[in-house]
Amino acid sequence: METIQYNLPQSRIPRTWSNILPALPAPLAPPLHPGTLKPLGPDDLAPLFPMSLIMQEVSAEPEIEIPEAVRQIYAQWRPSPMMRARRLEKALDTPAHIYYKYEGQSPAGSHKLNTAVAQAYYNKQDGTRRLSTETGAGQWGSALAMACAFFGLECKVYMVRVSYDQKPYRRALMEVFGASVTASPSNETDSGRAILAVHPDSPGSLGIAISEAVEVAAKDGQTKYALGSVLNHVLLHQTVIGQEAIEQMAMAGEDPDVIIGCAGGGSNFAGLAMPFIGLKLKGRSQARVIAVEPAACPSMTRGRFTYDFGDTVHLTPLVKMHTLGSTFVPPGIHAGGLRYHGMAPLVSHVVDLGLAEAVSVQQLDAFAAGVEFARAEGIVPAPESNHAVAEAIRQALFARQEGIKRTILFNLSGHGHFDMQSYIAYHAGMLENYEYPAGEIALALAGLPSVG
Ligand SMILES: *Cc1c(COP(=O)(O)O)cnc(C)c1O
């Protein structure tokens with residue numbers, strides 16, 4: 001029988017997260033204090049994060065040990081499966097071999113739980129009582145709410161208004177886990193009130209919700225802030241994905257030629273890609289590494305690589321990243337998890353160094369790919385993951401045109417069971433492509449902070 005699944009035993013759950021920072025050929029630009037524009041020190045971040053996570057943010061250790069309590073929770077869904085998409089290959093009539101790493105089997109339905117568990121653990125160790133956070137599509141909020149329930153922490157979630165209205169089941173899930181969920185922008189914070197004063201009908205954005213969650217943590221000594229993507233420590237926690245995939249590709253007896261992940265803030269992409277980029281830096285992999293973003297929110301393919309704020313109200317440090325401008329409110333596409341104005345500094349940096357490339361995909365092409373994948377493989381991808389699926393299919397079709405075998409590995413970051421409303425809209429012909437919103441982005445870029 002042909003092999004479909006490449007499963008690792010529970011004993012092969014990685015014991016360390018792999019940190020690419022010390023291996024990079026050039027260091028990351030330092031984050032800057034939003035007031036002084038001087039490089040941040042660890043103490044500047046202490047009101048928001050426990051020191052253990054702050055130290056991971058800047059760690060020079062190539063490997064960071066995963067606490068046993070975190071590994072024990074990982075054991076519920078890790079090692080995650082890697083599958084060969086044989087029926088999709090046949091449907092595409094391609095000589096390519098298509099593999100996908102599937103993160104949708106976590107109880108939260110996506111990769112987000114990999115970092116949520118770690119962040120809740122370190123906060124609990126540090127004596128935090130409550131975590132505040134933002135969520136776009138709701139995947140991060142539900143993962144953090146679940147992790148907080150495991151560790152006995154309270155959880156406060158600011159959910160982007162359009163998702164709050166579009167996705168009541170995600171909200172209900174967070175509430176099942178005991179979280180308190182508020183639509184953002186809200187009247188609960190100065191940041192939210194400032195936005196509502198100017199845009200009473202604001203659909204919200206991740207940048208606005210981050211401002212609200214950060215403000216709450218900054219003002220309350222017992223509340224800390226948790227971010228579901230973008231930061232180095234978040235990307236670090238996701239490297240279990242790529243480490244397992246390296247072993248699973250070895251089981252399959254193949255080396256990937258192309259590695260693909262969708263990118264909103266960059267964490268699932270980095271989780272799969274960074275361990276392979278580590279191999280590339282040692283001359284042990286030649287793979288092309290591709291990050292896929294939505295054409296409606298094209299931070300890497302159309303944005304600028306420069307210092308910008310992580311949030312809309314400018315409470316966060318400045319980081320050097322690909323950005324569309326912190327005041328850019330992306331169109332309400334259904335891949336809510338990809339509607340962020342910036343990109344992880346680490347992902348931006350490896351793209352700038354030429355170690356990875358970025359492409360964009362239109363919303364309708366992403367859904368068409370997701371439906372084609374579902375019909376062949378039986379798994380309905382999250383709308384975000386559809387972007388990776390679309391690029392994987394594109395690469396498989398290139399291989400057919402060229403008549404060469406190509407080994408493709410992509411990250412299926414989550415399932416779409418809570419996103420069926422977007423599939424209903426797709427099948428009803430109600431989804432549209434968005435042209436690159438050049439005018440709005442130019443306006444937002446004009447407001448970039450000037451850093452010498
Ligand atoms: C949040 C999310 C994303 C986007 O976030 P990244 O940090 O870029 O990974 C992608 N896919 C799924 C399923 C998500 O939940």
Side-chain angles (χ1 to χ4, degrees), residues 77 80 100-116 119 133-146 157 159-160 163 167 170 173-174 206 209-210 226-242 260-274 290-294 297-300 310 321-322 330 333-348 350-351 356 358 360-361 366 369-370 373 379-391 410-419 422:
W77 71 96
S80 70
Y100 59 97
K101 181 76 169 152
Y102 185 40
E103 290 295 312
Q105 281 187 12
S106 92
S110 78
H111 67 289
K112 297 267 184 9
L113 203 55
N114 297 329
T115 184
Q119 293 190 48
T133 197
E134 73 294 326
T135 195
Q139 284 122 329
W140 167 241
S142 37
L144 190 70
M146 187 183 296
V157 183
M159 185 172 190
V160 174
S163 297
K167 305 180 100 185
R170 273 282 169 197
L173 187 59
M174 290 183 256
L206 278 168
I210 291 173
L227 186 59
S229 187
V230 178
L231 296 175
N232 294 343
H233 69 265
V234 181
L235 275 51
L236 174 78
H237 299 155
Q238 296 297 352
T239 58
V240 288
I241 302 171
I260 298 167
C262 67
S267 74
N268 87 86
F269 165 75
L272 178 66
M274 290 305 165
I290 305 176
V292 191
E293 61 184 10
C297 190
S299 52
M300 288 179 289
M321 62 180 173
H322 286 98
I333 55 167
H334 275 271
L338 305 184
R339 290 177 69 241
Y340 183 59
H341 67 271
M343 182 49 59
L346 179 55
V347 170
S348 294
V350 299
V351 168
S360 71
V361 167
F373 179 84
I379 298 173
V380 181
E384 292 82 4
S385 316
N386 282 343
H387 292 72
V389 176
E391 181 60 21
F410 75 92
N411 201 23
L412 189 61
S413 50
H415 68 63
H417 298 174
F418 287 98
D419 304 285
S422 63

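Small disclaimer: the values here were computed from a predicted structure and weren't measured. Order of listing sets the numbers, starting from 1, for every ligand and every atom in it. One is the number of the first residue; the rest follow in order along the sequence. Note: hydrogens, waters and symmetry copies are ignored here, and every other heavy atom, side chains too, is used.
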*Around atom 2 (C) of ligand 1, find the nearest protein heavy atom and jot down its residue, atom name and distance.*
K112 NZ, 2.4 Å

*H111 and H237, any side-chain heavy atoms less than 4.5 Å apart*: no

*At a non-hydrogen distance cut-off of under 4.0 Å, which region of V230 contacts ligand 1 (side chain, backbone, both, or neither)?*
neither

*Nearest to atom 6 (P) of ligand 1, what protein heavy atom do you find, and at what distance?*
S267 N, 3.4 Å

*Looking only at protein heavy atoms, which one is nearest to atom 8 (O) of ligand 1, and how far off is it?*
G264 N, 2.7 Å

*Is any side-chain heavy atom of L144 closer than 4.5 Å to a side-chain heavy atom of V157?*
no

*Taking atom types as modelled, find out whether S413 and S110 have a side-chain donor-acceptor pair closer than 3.5 angstrom.*
no

*With heavy atoms under 4.0 Å as the rule, classify the contact between S413 and ligand 1 as side chain, backbone, both or neither.*
both

*asked:* I want to check something: taking the side chain as every heavy atom from C-beta on, are M343 and V351 in contact at a cut-off of under 4.5 Å?
replied: no

_I need the atoms of ligand 1 closer than 4.0 Å to a non-hydrogen atom of A263, numbered in the order shown._
8 (O)

*How about E384 and N268: does a side-chain donor come under 3.5 Å of a side-chain acceptor?*
no

*Within reach of ligand 1, part of E103 (heavy-atom separation under 4.0 Å)*: neither

*Quick one: which of G271, G228, A108, S229 has a heavy atom closest to atom 7 (O) of ligand 1?*
S229

_Which of the numbered atoms in ligand 1 are under 4.0 angstrom from any heavy atom belonging to L338?_
4 (C)

*With no hydrogens and no angle check, is any side-chain donor or acceptor of E293 less than 3.5 Å from a backbone partner on S299?*
yes

*Does the S163 side chain pair with the main chain of G136, one donor and one acceptor, at a distance under 3.5 Å?*
yes

*Taking Y340 for its side chain and G310 for its backbone only, find out whether a donor-acceptor pair lies under 3.5 Å.*
yes

_Numbered atoms and elements of ligand 1 in range of C262, under 4.0 angstrom, heavy atoms_ = 10 (C), 11 (N)

*Give the numbers and elements of all ligand 1 atoms closer than 4.0 Å to a heavy atom of G266.*
6 (P), 7 (O), 8 (O)

*What atoms in ligand 1 come closer than 4.0 Å to a heavy atom of G414?*
13 (C)

_Tell me the protein heavy atom at minimum distance from atom 4 (C) of ligand 1, and give that distance in Å._
G337 O, 3.4 Å

*How about H322 and S348: does a side-chain donor come under 3.5 Å of a side-chain acceptor?*
yes

